[in-house]
Amino acid sequence: MDDLFITGKKILERLQGAGFEAYFVGGCVRDHKMGREINDVDITTDALPEEVESLFENTVDVGIEHGTVIVVLSGRPFEVTTFRVESEYTDHRRPDSVAFTKELAGDLERRDFTMNAMAMDSEFNVIDPYAGLEAIKSRSITTVGPPDERFDEDALRILRAVRFKAQLGFTIDHETVQAMERHAGHLRHVAVERSLVELKKTFSGGHMDGVKSLMVRTGIKRNLPFIREVDDNTFMSTNTFSFITGMGLQIYLNESLMEYAPDLKLSNAEKNEVKEIVSVFRDLEYDRQVKTISYNYNYDTLENVRKLVDTNRFSRKLEWSNILGEALEMKPSLPIQHISDIDIDGRELMRYFEARGGRWIREVLAALEHEILFNLLPNEKTKILEWMDMHVKFKEGNIEFT
């Protein structure tokens, strides 16, 4: 039994000892029955949030108005949520109100798919009122109750169905697919940030066969930011292993897509990753020297572009793959890894030339960077100073190279 369940069992037993019901619930039960790795464990109970907090020393309020408290036990966080039922979803995303209930059945009834509507008690017996085990056995994604109702309530469930298909390799029930198509337009009500979370998980799934064509066929693609602008055929014919690297590939293939990248509200790190991927492709296209490519990009970026090259159709596929492989191989032996590795800095340059700072510092460092990178100059301060005596002149705030 997974360590998370062993620790979580203590929470169940403490709640039960206080007279409450408590169960493991949702994805952790599904993954346990499938033999998949368990990353987090959710617990549901008829105890109210304040009653949960009174029973445990280390708790965090994360959504107490919706009945959720984080209980930290043995250094592990467990999300403990009171049994609840939900009202109408007039915005196709969130219930207008949430009410607590004393019935586990009502709590399971509000969940998205049958495989996620299972609970498990402290003795690891499964409560399965909606045939979730059968869905797992048949590898089927089916909604709890009528799919039109579930997707009309919360359009994010449409993306979750796609994500589970990509992660688990399951087939989405035919009736469910038809309902996804009817309600795909509601995806425009979903916050970009929530859509992005699901898209990242989807494109990192190991079972992408048929996923992209499903997104096009059902209209999901045309209701999502950025990817709605990607040509359908290009979207389906390109192979990617993550959403961010896929973005970089699509922008390289169609530069005009960069205009729509801000729609996704990426983090600065993700924006930079996309730009770096596009830049590597441009360098390959313009026949930049292997050493320059090796120096200008980090390992992950180079490896990601090599994977994209190897799994997609390019006229110079073999050549580019070899260049990237060589760039990765030579990277540890480069004389410097970054401009900051140069054995002289801006302050020393100002002292040396007895001058104030300015753009000239970057010009000198760039010249030194090139000389050192291509083994024309040792990265040693005395040698650098000798080189500058011979090749750099500072006149009236301007730099001249000889």
Side-chain angles (χ1 to χ4, degrees), residues 26-28 39-40 42 60-70 77 79 81 84 86-98 110-113 116 141 143 150-168 180 183-205 208 211-212 214-216 218-230 235 240-251 257-278 300 304:
C28 65
N39 295 312
D40 56 71
D42 292 337
V60 182
D61 294 345
V62 291
I64 198 165
E65 70 277 10
H66 297 297
T68 301
V69 174
I70 296 291
E79 193 172 282
T81 302
R84 67 191 193 194
E86 297 168 344
S87 66
E88 290 185 277
Y89 292 65
T90 54
D91 66 354
H92 308 292
R93 180 63 190 96
R94 296 178 182 83
D96 296 342
S97 63
V98 171
R110 70 179 176 82
R111 296 179 181 269
D112 52 8
F113 305 109
N116 296 332
I141 299 170
T143 58
R150 297 292 81 78
F151 297 140
D152 188 59
E153 290 169 346
D154 184 357
L156 186 66
R157 290 168 175 164
I158 297 171
L159 282 186
R160 283 171 59 82
V162 173
R163 187 247 290 187
F164 287 128
K165 175 177 173 61
Q167 288 182 324
L168 305 176
M180 290 165 66
H183 296 277
H186 293 336
L187 285 167
R188 293 177 184 260
H189 295 279
V190 178
V192 170
E193 294 85 352
R194 292 297 298 122
S195 293
L196 185 59
V197 168
E198 294 299 326
L199 287 170
K200 287 178 184 176
K201 291 177 180 178
T202 297
F203 280 72
S204 299
M208 284 298 290
V211 170
K212 289 184 177 181
L214 173 71
M215 293 176 71
V216 171
T218 56
I220 292 171
K221 174 182 172 292
R222 67 172 175 267
N223 286 287
L224 293 172
F226 181 78
I227 65 172
R228 69 167 65 104
E229 310 298 339
V230 179
F235 178 72
T240 58
F241 47 89
S242 77
F243 185 74
I244 300 301
T245 56
M247 275 190 69
L249 175 60
Q250 296 297 345
I251 291 172
L257 290 173
M258 184 63 82
E259 174 187 350
Y260 303 99
D263 295 347
L264 284 167
K265 301 181 181 179
L266 301 178
S267 68
N268 288 334
E270 289 167 337
K271 292 175 187 175
N272 186 62
E273 185 178 352
V274 170
K275 290 178 181 177
E276 292 281 277
I277 288 170
V278 175
D300 288 343
N304 285 338

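Not measured: the values here are computed from a predicted model.
- Counting heavy atoms from C-beta on, the side chains of I227 and M215 come closer than 4.5 Å.
- Nearest heavy atom pair, residue K271 against residue L266, reads CE-O, 3.2 Å.
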Name each donor-acceptor pair under 3.5 Å that joins a side chain in residues 196-204 to protein atoms two or more places apart or in another chain, with its distance.
unit_1 : atom_1 : unit_2 : atom_2 : d
E198   : OE1    : R163   : NE     : 2.8
E198   : OE1    : R163   : NH2    : 3.4
E198   : OE2    : R163   : NH2    : 3.4
K200   : NZ     : E270   : OE2    : 2.3
T202   : OG1    : E198   : O      : 2.8
S204   : OG     : K200   : O      : 3.0

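- A salt bridge is defined here as a Lys NZ or Arg NE, NH1 or NH2 lying under 4.0 Å from an Asp or Glu carboxylate O, and D112 with R150 fails to meet this definition.
- In plain terms, the two heavy atoms of N116 and R160 that are nearest each other are ND2-NH2, 3.9 Å.
- Taking the side chain as every heavy atom from C-beta outward, I251 and Y260 never approach each other to under 4.5 Å.
- Take N223 and apply the side chain to side chain contact (heavy atoms under 4.5 Å, CB included) test, not counting sequence neighbours, and it matches A184, L187, R188.
- Distance check: E259 CD to E229 CD gives 8.0 Å after rounding to the nearest 0.5 Å.
- Considering every non-hydrogen atom in both F226 and L257, the closest pair reads CE1-O, 3.5 Å.
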- request: Any chance you could lay out the side-chain contact (heavy atoms from CB on, under 4.5 Å) test for S195 and L159, step after step, and finish with the verdict?
  value: CA-CA 7 Å; S195 293; L159 282 186; 3.9 Å; yes
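- Of all the heavy atoms in R157 and F113, the pair that sits closest is O-CZ, 3.4 Å.
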- request: Dump the intermediate steps for side-chain contact (heavy atoms from CB on, under 4.5 Å) on T245 and E273, then the final yes or no.
  value: CA-CA 8 Å; T245 56; E273 185 178 352; 4.0 Å; yes
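- To the nearest 0.5 Å, atom CG of residue D154 and atom NE2 of residue H183 are 12.5 Å apart.
- Under the 4.5 Å side-chain criterion, counting only non-hydrogen atoms from C-beta, T81 is not in contact with D42.
- The nearest pair of heavy atoms linking A166 to M208 is CB-SD, 3.8 Å.
- Looking at K265, its side chain never comes within 3.5 Å of a backbone N or O of E193 through a donor-acceptor pair.
- Counting heavy atoms from C-beta on, the side chains of D263 and V192 never come closer than 4.5 Å.
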- request: For side-chain contact (heavy atoms from CB on, under 4.5 Å), just list the numbers for V69 and V60, CA-CA rounded to whole Å, side-chain angles, deciding distance to a tenth of an Å, and then say yes or no.
  value: CA-CA 6 Å; V69 174; V60 182; over 6 Å; no
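- Note: E79 CD to I70 CD1 = 5.0 Å, rounded to the nearest 0.5 Å.
- For the pair K165 (side chain) and I141 (backbone), a donor-acceptor distance under 3.5 Å is absent.
- Counting only distance, with no hydrogens or angles, the side chain of N272 and the backbone of N268 share no donor-acceptor pair below 3.5 Å.
- The shortest non-hydrogen separation linking T218 to L214 is OG1-O, 2.7 Å.
- Distance check, rounded to the nearest 0.5 Å: NE2 of H186 to NE2 of H189 gives 6.0 Å.
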T240 and L249: CA distance, side-chain angles, deciding distance, side-chain contact (heavy atoms from CB on, under 4.5 Å) verdict: CA-CA 8 Å; T240 58; L249 175 60; 4.2 Å; yes
